Trainee: 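Please read through the structure below; I'll follow up with questions.
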There are 2 protein chains.
Amino acid sequence: MSRGRVLAAAVALADEGGVDALSMRKIAQALGVVPMALYKHVANKNELLDGMIDALVGEIDPPVADADWRTAVRGRVLSARRMLLRHPWAPEVIESRIKARTAPTPAVMEYLDSMIGIFRAGGFSLDLTHHAMHVMGSRLLGFSQELFSDSAGRAPDPDALSPEEMAARYPHITALAMAVAHDRDSVVGSGCDDQFEFEFALDLTLDGLERLLRAP
Amino acid sequence: MSRGRVLAAAVALADEGGVDALSMRKIAQALGVVPMALYKHVANKNELLDGMIDALVGEIDPPVADADWRTAVRGRVLSARRMLLRHPWAPEVIESRIKARTAPTPAVMEYLDSMIGIFRAGGFSLDLTHHAMHVMGSRLLGFSQELFSDSAGRAPDPDALSPEEMAARYPHITALAMAVAHDRDSVVGSGCDDQFEFEFALDLTLDGLERLLRAP
DNA sequence: ACCTGAACACCGTTCAAGT
DNA sequence: ACCTGAACACCGTTCAAGT
């Protein structure tokens with residue numbers, strides 16, 4: 001029994017059933033331990049959540065050495081995204097931690113510090129680096145920030161609209177969905193390549209930053 | 001008693017104490033009603049949360065008529081941001097709804113449909129519109145997606161690092177924070193203008209989209 | 001038929017009783 | 001001193017008993 005084992009068990013439980021299925025009692029059960037035993041290694045549930053986030057941020061690859069700023073930032077953000085794909089419950093928890101005005105955990109601070117260092121080493125002024133951090137926003141941690149995920153894995157909705165009703169009520173969404181499905185030669189699923197779209201948005205942002213760096 | 005009154009009471013409670021302080025029992029109490037009476041107007045708590053989000057999206061201004069696409073999108077996103085500033089718990093709830101793979105609610109669908117319509121009317125191809133929606137991501141709903149809010153309103157942390165320790169451990173963050181504070185002629189607070197940074201990031205994104213529209 | 005109180009199966013955390 | 005079971009104050013929701 002150690003703090004690390006508690007956090008690992010908590011992360012595993014969240015990976016399985018989402019953060020709603022996470023409870024102190026279930027973590028204890030998974031570890032074959034009485035619930036109150038957890039409080040030896042963790043102050044309370046909020047501190048446990050902070051620890052879990054810290055563990056995830058530790059999974060992000062360190063910056064590649066001897067790379068220009070753009071390659072370094074891009075690689076790190078894509079590594080963060082791979083981490084989030086392994087732990088899809090993380091954005092929700094991070095969001096709730098921010099709203100609770102919790103101080104960022106050490107691993108997050110270190111991550112942000114090193115990211116700022118990459119920009120600075122790449123020639124960004126302090127001011128431009130500050131803007132760059134805001135521009136990147138939660139994309140720095142790999143948030144894909146989709147407003148709706150594809151409907152592929154969703155439970156079939158009994159009172160879902162018919163295609164005709166969809167087209168009548170949401171003509172633009174329907175046209176877009178059909179065009180994308182046709183492009184990908186697939187009628188099944190949304191036909192939308194999330195990885196491509198993420199990199200598209202990331203590169204557009206990096207392009208904008210590069211332009212600011214060259215002509216401030 | 002009506003669905004609208006239930007949703008309004010729920011939104012008011014969340015505005016006051018955040019979404020963690022929201023419970024069916026407290027909503028009922030605020031309405032002077034027995035808890036089970038809520039289930040006449042709302043199927044369960046998840047459906048209540050969907051209803052609350054729907055109500056918020058309804059607060060976003062409709063698109064201004066006779067404006068070019070960029071003005072229309074910009075205005076609408078800034079209106080969405082003003083809505084989120086009134087209801088800071090909303091991003092967390094929206095995030096959790098997405099992760100639960102809940103189908104987007106009608107008001108969200110209508111909002112997205114009309115936003116797609118703005119891009120299309122502005123001359124964006126179906127394909128470019130699709131990319132644009134992904135690029136905008138949750139910024140479409142006004143998410144400011146800061147990784148850490150300013151430390152101004154945060155409770156004083158008893159075991160916070162001293163300025164010297166901060167500078168030693170997180171040199172780049174410290175340098176950035178000091179430069180920003182100096183810029184704004186203020187040592188109090190983060191000295192960081194969130195509204196300015198939001199519009200800076202938004203405009204950089206819109207610049208990128210405009211460039212793609214002109215030279216595909 | 002409608003409404004609602006009690007009850008059920010949870011939850012995070014306190015605390016006193018045990019070792 | 002450490003550990004832990006029971007208890008407390010909650011929670012969302014079911015359901016049977018009341019009207």
Side-chain angles (χ1 to χ4, degrees), chain A residues 1-55 89-90 92-97 99-102 105 155 158, chain B residues 1-55 89-90 92-97 99-102 105 155 158:
Chain A
M1 271 293 286
S2 69
R3 185 163 212 274
R5 294 228 321 135
V6 172
L7 293 180
V11 167
L13 271 177
D15 288 348
E16 273 175 49
V19 81
D20 284 344
L22 190 73
S23 77
M24 301 298 275
R25 284 161 145 104
K26 279 186 195 160
I27 298 166
Q29 194 184 4
L31 289 167
V33 126
V34 88
M36 282 313 296
L38 300 179
Y39 288 78
K40 183 108 251 167
H41 306 96
V42 149
N44 49 45
K45 197 180 183 183
N46 278 338
E47 207 251 350
L48 173 95
L49 290 172
D50 280 344
M52 292 167 68
I53 295 301
D54 243 35
W89 47 270
E92 182 184 346
V93 174
I94 294 170
E95 193 77 54
S96 79
R97 240 76 280 291
K99 285 311 178 291
R101 297 170 161 283
T102 308
T105 57
Chain B
M1 270 293 286
S2 69
R3 185 163 212 272
R5 295 227 323 136
V6 172
L7 293 179
V11 167
L13 271 177
D15 288 348
E16 274 175 47
V19 79
D20 283 345
L22 190 73
S23 77
M24 300 298 276
R25 283 160 145 104
K26 279 186 192 157
I27 298 167
Q29 194 184 3
L31 289 167
V33 125
V34 90
M36 284 312 298
L38 300 180
Y39 287 78
K40 183 108 250 166
H41 306 96
V42 149
N44 50 45
K45 197 181 184 183
N46 278 337
E47 207 252 351
L48 173 96
L49 290 172
D50 281 344
M52 292 167 69
I53 296 301
D54 244 34
W89 48 270
E92 183 184 346
V93 173
I94 293 169
E95 193 76 54
S96 79
R97 241 74 279 289
K99 285 309 179 293
R101 297 168 161 284
T102 308
T105 57

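No experiment lies behind these values; they were computed from the predicted model shown. A, B, ... follow the sequence lines: proteins, then strands. Residue 1 opens every chain.
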Trainee: Return the value, rounded to whole Å, for the distance between atom CG of B:D20 and atom P of C:dT13.
Mentor: 11 Å
Trainee: Which atoms form the tightest heavy-atom contact between B:V6 and B:L38, and what is the distance?
Mentor: CG2-CD2, 4.0 Å
Trainee: Taking only the side-chain heavy atoms of A:K26 (C-beta and beyond), determine which of C:dC11, C:dG12, C:dT4 contains the nearest atom.
Mentor: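 So the nucleotide nearest the side chain must be C:dC11.
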Trainee: How long is the line joining OH of B:Y39 and P of C:dG5, in whole Å?
Mentor: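 After rounding, the reported distance stands at 15 Å.
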Trainee: Whether the side chain of A:R3 engages the backbone of A:H41 through a donor-acceptor N/O pair (distance < 3.5 Å, no angle test) should be reported.
Mentor: yes
Trainee: Can you establish whether the number of heavy atoms outside B:Q29 located under 6.0 Å from its atom CD is more than 12?
Mentor: no
Trainee: Closest heavy-atom contact between A:S96 and A:V93?
Mentor: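 In this case the closest contact between A:S96 and A:V93 is OG-O, 2.8 Å.
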Trainee: What nucleic acid atoms does B:M36 come within less than 4.0 Å of, heavy atoms only: base, sugar-phosphate, or nothing?
Mentor: base
Trainee: Taking C:dG12 as the reference, what is the distance to D:dT14 when you measure between their C1' atoms (whole Å, please)?
Mentor: 23 Å
Trainee: Given D:dC11, C:dC11, D:dT4, which nucleotide is nearest the side-chain atoms of A:V34?
Mentor: D:dT4
Trainee: Considering only atom P, compute the distance from C:dC8 to D:dG18 and round it to an integer number of Å.
Mentor: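 Pairwise P distance, C:dC8 against D:dG18, rounds to 16 Å.
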Trainee: From D:dC11, D:dA7, D:dC3, pick the nucleotide closest to the side chain of A:K40?
Mentor: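 Among D:dC11, D:dA7, D:dC3, the one nearest the side chain of A:K40 is D:dC3.
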Trainee: Taking a pair as Watson-Crick or G-U wobble with both distances under 3.5 Å, which nucleotide is matched to C:dC2?
Mentor: D:dG18
Trainee: Between atom CD in A:E47 and atom C1' in C:dG12, what is the gap in whole Å?
Mentor: 15 Å
Trainee: Please report the distance, rounded to the nearest Å, between NE2 in A:H41 and P in D:dC2.
Mentor: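 It is 13 Å, rounded to the nearest whole Å.
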Trainee: On a heavy-atom basis, which atom in B:R25 and which in B:P35 lie closest, and how many Å separate them?
Mentor: CG-CG, 4.1 Å
Trainee: For A:L48 and C:dC11, what is the distance between atoms CG and C1' respectively, to the nearest whole Å?
Mentor: 14 Å
Trainee: Round to a whole Å and report the spacing from CD of A:Q29 to C1' of C:dG12.
Mentor: 16 Å
Trainee: Return the value, rounded to whole Å, for the distance between atom CZ of A:R25 and atom P of D:dC10.
Mentor: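 Nearest whole value for this atom pair: 15 Å.
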Trainee: Measure from CG on A:N44 to C1' on C:dT14 and round the result to the nearest Å.
Mentor: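 It is 13 Å, rounded to the nearest whole Å.
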